[in-house]
Amino acid sequence: MATLKPRTGIQLSVEEFMELPDTYDKRKMELDEGDLYIMPRPRMGHQFLQIRVVGYVDRYLDEFDDPPAEVFHDVIVALSLEDRILFAPDMVIILRGGRATVTDRMVEGPPDIVLEILSSDRRRDLVRKRQVYAEAGVLEYWIFDPRQDTPTLLELRDGQYDERAVLIADDTLTTPLLPCLAIPLADVFRHRRRPAQ
């Protein structure tokens, strides 16, 4: 395996993917039905939005003696080991008692909330991942568009996503899955330290 030169489109098993040497950044690689997909490294603005949102969720969870969920970023999520679908969302939230299991190597099963920040391959996030997350049973899919500063919140109903809200930078992001979580989007999109796009 050490001589493998990863490139987009080659077929890998889950084990082959997980055994790629640490010199490869697996957080920026995904398997989609066994096809390896190598994503470009996120730009500074992308990373900034990710850090801000994860920070709000993390601080919210810190307020509980017994937190109702866990939050992770830059983690491999095995949506289907059988179908060899391993994605690397920008953030996942796993509710206590949810279907996902956290292991040392990955999250196995569907998280309850997934965040993707649109970057170069927007169609993949808007079409393919929307389909896969719905089929896997991810309860909410948050899509952040840094070009428009608009989060779209999708909610799973009858196996498909319904658009719960399209927010703007003046709004506050909330979710019925985590009561009292409130993310003021102005502090994400209009933050004084946000890098220029």
Side-chain angles (χ1 to χ4, degrees), residues 8 25 27-30 32 37-61 69 71-77 79 85 87-95 107 110-197:
T8 292
D25 187 357
R27 294 171 303 169
K28 302 302 163 213
M29 295 180 175
E30 296 181 332
D32 194 344
Y37 183 82
I38 302 174
M39 299 171 287
R41 293 201 53 79
R43 295 186 178 187
M44 302 306 257
H46 182 117
Q47 292 181 46
F48 181 84
L49 297 179
Q50 178 188 28
I51 289 167
R52 297 296 298 170
V53 175
V54 170
Y56 266 100
V57 176
D58 190 54
R59 285 189 296 278
Y60 164 81
L61 295 174
V71 63
F72 298 98
H73 62 93
D74 294 328
V75 66
I76 298 295
V77 176
L79 295 164
I85 298 176
F87 285 173
D90 291 303
M91 179 188 77
V92 297
I93 298 173
I94 300 167
L95 299 177
V107 172
D112 298 284
I113 300 173
V114 167
L115 165 69
E116 293 282 6
I117 300 168
L118 299 180
S119 52
S120 57
D121 194 348
R122 297 167 66 87
R123 179 171 165 69
R124 191 156 182 269
D125 290 333
L126 293 170
V127 179
R128 175 62 179 156
K129 287 190 177 181
R130 178 178 177 147
Q131 170 198 350
V132 171
Y133 288 142
E135 289 173 356
V138 174
L139 300 178
E140 290 191 8
Y141 180 25
W142 299 353
I143 304 170
F144 275 48
D145 185 344
R147 290 184 193 165
Q148 305 296 323
D149 290 352
T150 55
T152 300
L153 308 183
L154 303 176
E155 187 173 72
L156 192 63
R157 290 190 188 137
D158 299 322
Q160 295 188 349
Y161 283 125
D162 285 341
E163 199 173 273
R164 187 174 76 229
V166 178
L167 306 176
I168 60 172
D170 293 324
D171 292 328
T172 299
L173 187 155
T174 62
T175 171
L177 297 179
L178 292 170
C180 300
L181 172 66
I183 303 174
L185 294 171
D187 195 39
V188 175
F189 291 114
R190 295 189 185 136
H191 195 281
R192 62 184 173 81
R193 291 188 293 110
R194 182 181 177 186
Q197 295 193 53

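Values below: every heavy atom of this structure, side chains too, minus hydrogens, waters and symmetry copies.
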So CZ of F189 and OG1 of T150: to nearest 0.5 Å the spacing works out to 7.0 Å
Verify side-chain contact (heavy atoms from CB on, under 4.5 Å) between F144 and D125, making sure each step is shown before the conclusion.
CA-CA 10 Å; F144 275 48; D125 290 333; over 6 Å; no
Among residues at least two apart in sequence or on other chains, which ones pass salt bridge (charged side-chain N to carboxylate O under 4.0 Å, His left out) with E155?
R157, R164
Nearest-0.5 Å distance, OH of residue Y161 to OG1 of residue T152:
13.0 Å
Could you pull out all donor-acceptor pairs under 3.5 Å where a side-chain atom in residues 110-117 meets a protein atom, sequence neighbours excluded?
residue : atom : partner : partner atom : Å
D112    : OD2  : L95     : N            : 2.7
E116    : OE2  : K129    : NZ           : 3.1
E116    : OE2  : Y133    : OH           : 2.7

Roughly how far apart are L154 CG and D162 CG, rounded to 0.5 Å?
8.5 Å
Over all heavy atoms of both residues, which pair between A136 and L79 is shortest? Give the atoms and the distance, please.
CB-CD2, 3.9 Å
Contacts table for residues 173-188: side-chain donor-acceptor under 3.5 angstrom, sequence neighbours left out:
residue : atom : partner : partner atom : Å
T175    : OG1  : E140    : OE1          : 3.0
T175    : OG1  : E140    : OE2          : 2.7
T175    : OG1  : L177    : N            : 3.1
D187    : OD1  : R52     : NH2          : 3.2
D187    : OD2  : R52     : NH2          : 2.6
D187    : OD2  : Y56     : OH           : 2.4

Salt bridge or not for R124 and E30, using N-O below 4.0 Å?
yes
Are more than 12 heavy atoms, taken from residues, nucleotides or ligands other than Q160, located less than 6.0 Å from that residue's CD atom?
no
For D90 and Q50, the nearest pair of non-hydrogen atoms, with its separation, is O-NE2, 2.7 Å
Ion pair present between R194 and D149, side-chain N to carboxylate O less than 4.0 angstrom?
yes
May I ask you to test the P195-F48 pair for a side-chain heavy-atom distance under 4.5 Å?
yes
Could you please spell out the steps behind the side-chain contact (heavy atoms from CB on, under 4.5 Å) verdict for H46 and L118?
CA-CA 8 Å; H46 182 117; L118 299 180; over 6 Å; no
Distance from E163 atom CD to L153 atom CG, nearest 0.5 Å?
9.0 Å
Value for NE2 (H73) from CE (M91), rounded to nearest 0.5 Å, stands at 10.5 Å
Would you call R122 and D145 a salt bridge, using N to O less than 4.0 angstrom?
yes
Spatial distance of atom CD1 (I93) from atom CZ (F72) [nearest 0.5 Å]:
11.0 Å
Hey, is CZ on R147 packed in by over 12 heavy atoms from elsewhere, all under 6.0 Å?
no
Quick one: closest heavy-atom pair of A69 and L61, and the distance?
O-CD1, 3.6 Å
